[in-house]
Each structure stands twice: as C-alpha cells, then as structure tokens.
Engineer: 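Quick one: this structure, given as structure tokens, is what I'll be asking you about.
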Amino acid sequence: MKPFTVHRGRVAPLDRVNVDTDQIIPKQFLKRIEKTGFGQFLFYDWRFGVDGKKNPDFVLHEPRYEGATVLVAGKNFGCGSSREHAVWALADFGFRAVISSSFADIFANNSTKNGFLAVLLTDDEVATVMKRAQDIDNYEVTVDLEKCEVRDNQGFFAKFPIDEFVRHCLLNGLDDIGLTLQHDAEIAEYEKHHPAPAALRV
Amino acid sequence: MTRTLFEKIWDAHLVASPPGRSPIVYIDLHLVHEVTSPQAFDGLRAAGREVRQPARTVATVDHNIPTEPRGTPITDLIAAKQISALQANCKEFGVRLFDMDSPDQGIVHVIGPELGVTQPGMTIVCGDSHTSTHGAFGALAFGIGTSEVEHVLATQCLAQRKPKTMKMDVRGKLADGVTAKDLALGIIGQIGTDGATGHVIEYAGTAVRALSMEGRMTLCNMSIEAGARAGMVAPDETTIAYVKGRRFAPTGADWDKAVACWRSLPSDEGAAFDKIVEIDAAQLCPFVTWGTNPGMVAPVTGRVPEIGAMEESDRRATELALQYMGLEPGEKIQDIGIDRVFIGSCTNSRIEDLRAAARVAKGHRVNSKVRAMVVPGSQTVKRAAEQEGLDRIFRDAGFEWRESGCSMCLGMNPDILQPGERCASTSNRNFEGRQGRGGGTLRIFGIGSLSKRENINRHASQTRDLWVAKNATRRAARPGPSAPNGWRLRMTNEGTI
Ligand code: SF4
C-alpha cells in the first residue's frame, strides 16, 4: 500500500450530503475484474451526459479545480454499498484524501486499505474548507497524518481523529494481511477448537 | 458481568488483541459473489496465498446475471467474464460455488439462510453491504470491501475496531398491514441514513419478537441504510425452528449442542448499550420513499414534503431529490404515477414476500402502461412459489416471472430503468441511477403498503388496475434546471449508457 504521510493539494468542493457509492462509481463499471482504471468512471453520471459528453458544469470539470487532490464533501460520504471500487475510482482519478463531517463505515474502512485518507472534521470546519474552496482560486490545504491535522495558509487549522493502528498502517504503507498473519499461531490454535464444518467441503 | 448479544459473539471470536492494534476477529462464514471478489483472488495469487478455510467459504453468482430463462447466452461480455472469473477462482481455490445452473443458486443473502449455512452466534462477512441480513439469526454479520475479502480468504480473520452498540427497542405491536419493511423505513425516517453509523443495532422488543424470520431478515437487511455496521435479533424459538432440518444445519448431537449454545446468546438482563432508541410500533404505518435516499420517507397516505420551512442543508438535498424524481413539493404520494414495478431483492424476495404480493395481485391486472416483474430471491424460492401456483397468479395479473438474482435492485444486468422512468420497488436503495441511469426508484416499500395502495386505487378509480399510470413518465427532457452551485441534473429520454 502507498504510504500516506503529509499531502498538500488543491481542494475541490462537492457540496452535497449523502454522496453514495452508486454516485461515486455507478454499477455498470463494477464488472471489471481489475483494481485499476476506475478513475475515468468516477462520478460518471454527474460528469458525463447520457451522450457520453463531458458535463462542463460539474465541479470537477471546472478548470480551477483541475488537478485537485483533496475532495471536500457534505456529511455521510460514501454511504451505500460496500464496493471498494469507490475508493479505487477516487484514488485513480488523483485524489489522496476526502474531507467530510461523517463517513459511512465500510467506505472509511476501504479507504484505509488503499493509502487514501478519509479525514473527519466537524460540520463547521467542513463548511469553512468548502467555502474557501468555492471562493478562493487555487485553494490548497495540507493534510498532515503525522500531526493529524488539516491546515491552509489562511489560518485554517483543524485536528482530526483517527484510529492509532490505522494511522500506523497508513503512515508506513503496511499491508494488514501480513500483520494478521503474524498471529498465525493464535489463529491455528483457535481453529483447533473451532474446526470448519465438514459439510461445506468441496 | 452482563453482556449484550453482540458482545457475547465478539468475545467468542477474538483470536488476538495485540496492543495498539485492532483486535483480530475470527470469521465463521465468508460469502462470496462475482462482483467484489475477482481482485481479491488476484491478490491471493499474486502473494502466493491459499484460501485458508475453503469449507468456511461459500460462493454464488447473483449480482450481474440475467434473469432470462437459464441457458440464454449472456450477451454482456464483461459480465460473462466476471462470472467465469468466479467459476475459475472457486475451482482453483477449492471453494463451493452455487453456480448459474445450480438448483440452490440465488441472492447470496437469501441462500445463506435457506441452506442453513447462516446460523446463530456466527460471525459472517461478505463483500456486500446487505450482509447485515444474516443478523436476523443472532449472528454478527457485516459487509466488507474487496481488500477485506482478500484478508478473510487469506487469514479467515479480520482486524476490526470494536463497534458501538445500539438497542432499538420496538415496543407494542405493528398494526395490520404494517410490515418489517415499514418498521425499517420508519426507523430510518426517524434516525436518518447515518443515524446508526459506527454501531451494531440489536432490534428488540415485542414487535420484533413477533416477526417471522423473513420479517427479521428484511429488518436487519435495512440496517445498513441507517448506516449501521450490522443489525441483529437475538435467537429464539422462531429462529431455531427455521434453522432446523436445513441442508447445512447441524444434526444429531451437534444440533443439541448448537441449540444449547444459541439459547445462551440473548443479551443479559440489564446489559449496557452505547445508545438506546425506543420506537412505538403503534405509531408506524405503511411507508414509501419518495426521494433519492432511504431516509426520504413518507406514509403511503401522505405527501412529498413542502420545502418552505426546511433548514438550508435539508432544503438543498430535498430540492435536488425532487428535481431528480420529477416531483413537486407537497404532491400526494398516491397521485404519483409509475412506469415499472419490481418485486425482488435480498430485502423482499423470499417466499413469504411473494405470497403476500400474490395475495394482492390475485384477480387484478397490472395497468397496461406499467411493466411489472417478480424476481424470486433464489431458485428454491422460485420452485416453492411455482408449487404453490404463485407464478400463475403473477402471470395472470400481467407480471413477468423471472429467474433468481439481484436484477433491478442494482441494475447490473439488463433489468434497468430507462431515463425518466419511475419504479415502485421492494428493494432497499433508491439512490440516483441505482436502477438505471436517469431512472428514479420512486418507492421502496413493503408488501403491506402495496396492498393498502391497491385498496385505495380500487376505491378511488373503480377500476381493477393494480397500478396507476397517471403521469407515468416523468417530465423528461427538461432543459436541465440549474441547481445551486452550478449543479445540473440532466434528464433526457435518450438511451442509457
Ligand atoms: S439484491 Fe440488491 S442489495 Fe441485495 S445483494 Fe443483490 S444487489 Fe445487493
């Protein structure tokens, strides 16, 4: 996994609440069997018309948000289905982090496996970042996982909470399958007392 | 020390609690389907890993398979590739697959309980958010992403932070015609689509105890729509009677041992929850959704909300939803026309649901402008329905009778809405475009509201049409009214992508 330490980047504002994973990556693009190449389908129904033409009014298509790497959105971001494709699409499109005042559990979990940061700020803090991203050209923030804070160069500063273990994995780009397998002996011991049901064997 | 149902299951599955790290929890049952697993199997291969416990892993194809008669060639080549990837992966890693042609194939959350692989006290995961369904058995069941699918395949464990607990105490009795779905929608309408984020809900109280297993599955299924990590109902005699005799349920002495263990699972008297919500069952009525998330709920006899008095953020979300759905504020729910009807999905496609729907359909005709389909949750449900003659009732009423799968619940197969169409659906999500781009899921509803609605229509119009098609097609091809902040919703009548 790509480590996440400190990232500074342009902010794109997605001023909507309850952005669900069906919007982030519509289902017709879930049929691919690869992990890559989903960025082109990010927010597809919003970014493109039914004729496949770019919707110039969509915020990510505004020239001033080109190259944005931090997304700020309303509460309950990533609700809905468990599709990790949503995170793959955001990351593949170029985003490194999304800031919101709440995240759906599975989305937040999926983010941590992909070196992508779901940054939890308060409603007021999200509103500030949103407004600045809308009002100020080339508005950038620094998302600092080492210090667990978000700041800009206009005096905005906010701390965000994150699980210590998740932070450790993200900072070091650790694969958590490997970490769990360090407990192989304990797993094997558990399995001794909980044998798999024979009936389902092929 | 008193413990909740959740805590008992959690404690019994803790493999390790490394300091400073998330606890490692053992997974008893891993359900797998074609859409969220190929990348996980690829990951295993790349790392040279095996599936640790193939006998705890069960796969089926459900999400993108067509519901045309089996044997019809799959024309969507990318979907076909995904299905054959699962077949190959199951073969390579020794995983049991209930394939397209299996008599046990069906939606993953329907066949788990049906086959008896879902049992009380288990930890169950699947790369699908509606895994919460299995909590109806008093299991801890939750959805995971593909990285975690790979993690479970490789280790049979998950590193998980301990979620918080919430007790949803549903007092009293649901009125006649008010179903588990209405209870779920009532709860989501009250606490919101993120009201239970970070929590495992335990549904308790007399109204929950009175539900059948099918009803409990519907209720737990919808937990994720309230943002919950999982939903659970403590096992009781209803649960035990349902599991008994199923194909993969324990037998003989194992059964007795299992039942004794299941009886010890319910939350202890006085066990503490992080949050308790009380619901008065008598206040609930048949609900439908009108908007673009499952929290946008109104009584079937009610109206689409007025925008006037709303707070700014609610107003914006409501305006966008109304615009997408092509509805006017204050419009009467019963006056809204529909183009499609979908009875199916892991929420409401079990035999009990189909019986209820058939009771309503019997002797009526679907309005000729409406296309209606019934998609049984599994082959087993389909066979049972056919034995009871339900398929005839549906067909005579003008419904299409399809093969089992997820179908129009998410529209990954050819069963999708066209732009501008509205659908009344027994599924669980009404997100924009979920059932087809530009198409609106007008209502997710329980069968109870279907029957209420039918009565009302019959009285009002004196016709024997089952569905009203008035205003059937939304005001389509509108010039894309500009919404605040440069948002523009496009709706045209051209083909879908
Ligand atoms: S029926 Fe719908 S909600 Fe259920 S598993 Fe299939 S796609 Fe998911």
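Because the structure is predicted, anything quoted here is derived from the model rather than measured. Chain naming here is simple, since letters A, B, ... match the order of the sequence lines and numbering starts at 1 in each.
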Engineer: Please determine whether side-chain contact (heavy atoms from CB on, under 4.5 Å) holds for the pair A:Ser81 and B:Arg429, giving the CA-CA distance in whole Å, both sets of side-chain angles, and the decisive distance to 0.1 Å.
Structural biologist: CA-CA 9 Å; A:Ser81 101; B:Arg429 286 192 177 133; 3.4 Å; yes

Engineer: So does B:Glu34 pair up with A:Lys31, basic N to acidic O under 4.0 Å?
Structural biologist: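 Judged by the 4.0 Å cut-off on N to carboxylate O distance, B:Glu34 and A:Lys31 do not form a salt bridge.
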
Engineer: With a 4.5 Å cut-off on heavy-atom pairs, point out which of A:Asn18, A:Asn76, A:Asn110 contacts chain B the most.
Structural biologist: A:Asn76

Engineer: With only heavy atoms counted, which part of B:Gln39 is less than 4.5 Å from chain A, the side chain, the backbone, both or neither?
Structural biologist: both

Engineer: Heavy atoms, side chains only, cut-off 4.5 Å: are B:Pro38 and A:Arg32 in contact?
Structural biologist: no

Engineer: Counting only heavy atoms not in B:Glu311, do more than 12 fall under 6.0 Å of its CD?
Structural biologist: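 Result for CD/B:Glu311: open.
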
Engineer: Is A:Lys113 reaching over with its side chain to a backbone N or O of B:Ser147, donor-acceptor style, under 3.5 angstrom?
Structural biologist: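 Side chain of A:Lys113 to backbone of B:Ser147: no pair is present.
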
Engineer: Just verifying a value: how many Å separate A:Phe103 CZ and B:Asp194 CG, rounded to the nearest 0.5 Å?
Structural biologist: 12.5 Å

Engineer: Determine whether B:Arg52 and A:Asp184 make a side-chain contact, defined as any pair of heavy atoms from C-beta on separated by less than 4.5 Å.
Structural biologist: yes

Engineer: Do B:Tyr26 and A:Glu191 have side-chain N/O donor and acceptor atoms under 3.5 Å apart?
Structural biologist: yes

Engineer: Tell me which of these, A:Ala86, A:Cys79, A:Pro195, A:Cys169, has more heavy-atom pairs under 4.5 Å with chain B than the rest.
Structural biologist: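 Of the options given, most contacts go to A:Pro195.
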
Engineer: Going through the distances and angles, do B:Arg56 and A:His194 end up as a side-chain contact (heavy atoms from CB on, under 4.5 Å)?
Structural biologist: CA-CA 11 Å; B:Arg56 291 191 179 278; A:His194 301 85; 4.1 Å; yes

Engineer: Side chain, backbone, both or neither: which part of B:Val15 has an atom under 4.5 Å from a heavy atom of chain A?
Structural biologist: both

Engineer: With a 4.5 angstrom heavy-atom cut-off, could you sort out which part of A:Phe107 is near chain B: side chain, backbone, both or neither?
Structural biologist: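 Nothing of A:Phe107, per the 4.5 Å heavy-atom cut-off to chain B.
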
Engineer: Which atoms of B:Asp76 come close to chain A, meaning under 4.5 Å heavy atom to heavy atom: side chain ones, backbone ones, both, or neither?
Structural biologist: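 The side chain, not the backbone.
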
Engineer: Mind checking the CZ-CG spacing from B:Arg161 to A:Asp163? Nearest 0.5 Å is all I need.
Structural biologist: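 Nearest 0.5 Å value for the CZ-CG distance: 4.5 Å.
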
Engineer: Examine whether an atom of A:Val166 lies under 4.5 Å from a heavy atom of chain B, and if so say whether it belongs to the side chain, the backbone or both; otherwise answer neither.
Structural biologist: side chain

Engineer: Tell me, for A:Ala127 versus chain B, whether the close heavy atoms (under 4.5 Å) come from the side chain, the backbone, both or neither.
Structural biologist: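 No part of A:Ala127 comes within 4.5 Å of chain B.
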
Engineer: Can you tell which of B:Arg247, B:Arg49, B:Glu150 has the highest number of heavy-atom pairs within less than 4.5 Å of chain A?
Structural biologist: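 When all of B:Arg247, B:Arg49, B:Glu150 are compared, B:Arg49 has the most.
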
Engineer: Taking C-beta and beyond as the side chain, do A:Glu186 and B:Ile24 meet within less than 4.5 Å on heavy atoms?
Structural biologist: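 Heavy-atom side-chain distance check fails, nothing below 4.5 Å.
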
Engineer: Do A:Glu84 and B:Thr36 have a side chain donor and acceptor closer than 3.5 Å?
Structural biologist: no

Engineer: Measuring heavy-atom distances to chain B, does A:Pro26 have an atom under 4.5 Å in its side chain, in its backbone, in both, or in neither?
Structural biologist: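 For A:Pro26, no heavy atom lies under 4.5 Å from chain B.
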
Engineer: Measuring heavy-atom distances to chain B, does A:Thr180 have an atom under 4.5 Å in its side chain, in its backbone, in both, or in neither?
Structural biologist: both

Engineer: With a 4.5 Å limit on heavy-atom distance, are the side chains of A:Asn109 and B:Ile144 in contact?
Structural biologist: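 No, their side chains stay 4.5 Å or more apart.
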
Engineer: Would A:Tyr190 and B:His13 count as a side-chain contact (heavy atoms from CB on, under 4.5 Å) here? Give the steps.
Structural biologist: CA-CA 9 Å; A:Tyr190 185 92; B:His13 289 83; 3.4 Å; yes

Engineer: Check each atom of A:Glu189 against the heavy atoms of chain B and say whether the ones under 4.5 Å are side chain, backbone, both or neither.
Structural biologist: neither

Engineer: Which one wins on heavy-atom pair count under 4.5 Å against chain A: B:Ser129, B:Ala79, B:Gly43?
Structural biologist: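 Of the options given, most contacts go to B:Ser129.
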
Engineer: Kindly indicate whether the side chain of B:Ile224, heavy atoms from C-beta on, has any atom under 4.5 Å from the side chain of A:Ile106.
Structural biologist: yes

Engineer: Rounded to the nearest 0.5 Å, how far does OG of B:Ser84 lie from CD1 of A:Ile33?
Structural biologist: 7.5 Å

Engineer: What part of A:Asp176 gets within 4.5 angstrom of chain B, counting heavy atoms only: side chain, backbone, both, or neither?
Structural biologist: both

Engineer: Given the options A:His85, A:Glu164, A:Arg83, which has more heavy-atom pairs under 4.5 Å with chain B than any of the others?
Structural biologist: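 Among A:His85, A:Glu164, A:Arg83, the one with the most close pairs to chain B is A:His85.
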
Engineer: I'd like to check B:Pro54 versus A:Arg201 (side-chain heavy atoms, cut-off strictly below 4.5 Å). Are they in contact?
Structural biologist: no

Engineer: Quick check on B:Ala80 against chain A: is it the side chain, the backbone, both or neither that has a heavy atom closer than 4.5 Å?
Structural biologist: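 The answer is neither part of B:Ala80.
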
Engineer: Rounded to the nearest 0.5 Å, how far apart are CG of A:Asp20 and CG of B:Asn430?
Structural biologist: 9.0 Å

Engineer: If we only count heavy atoms from C-beta on, is the A:Trp88 to B:Thr146 side-chain gap below 4.5 Å?
Structural biologist: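 Answer yes - side chains close enough.
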
Engineer: Once you round to the nearest 0.5 Å, how far does CG of A:Asp22 lie from OG1 of B:Thr292?
Structural biologist: 11.5 Å

Engineer: So does B:Glu432 pair up with A:Arg16, basic N to acidic O under 4.0 Å?
Structural biologist: yes

Engineer: With a 4.5 Å cut-off on heavy-atom pairs, point out which of B:Met412, B:Glu225, B:Arg229 contacts chain A the most.
Structural biologist: B:Met412

Engineer: Would you mind telling me which of B:Pro250, B:Cys90, B:Gly198, B:Gly227 has the largest number of heavy-atom pairs within less than 4.5 Å of chain A?
Structural biologist: B:Gly198

Engineer: Please flag which part of B:Val152 lies under 4.5 Å from any non-hydrogen atom of chain A: side chain, backbone, both or neither.
Structural biologist: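 Interface part for B:Val152: neither.
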
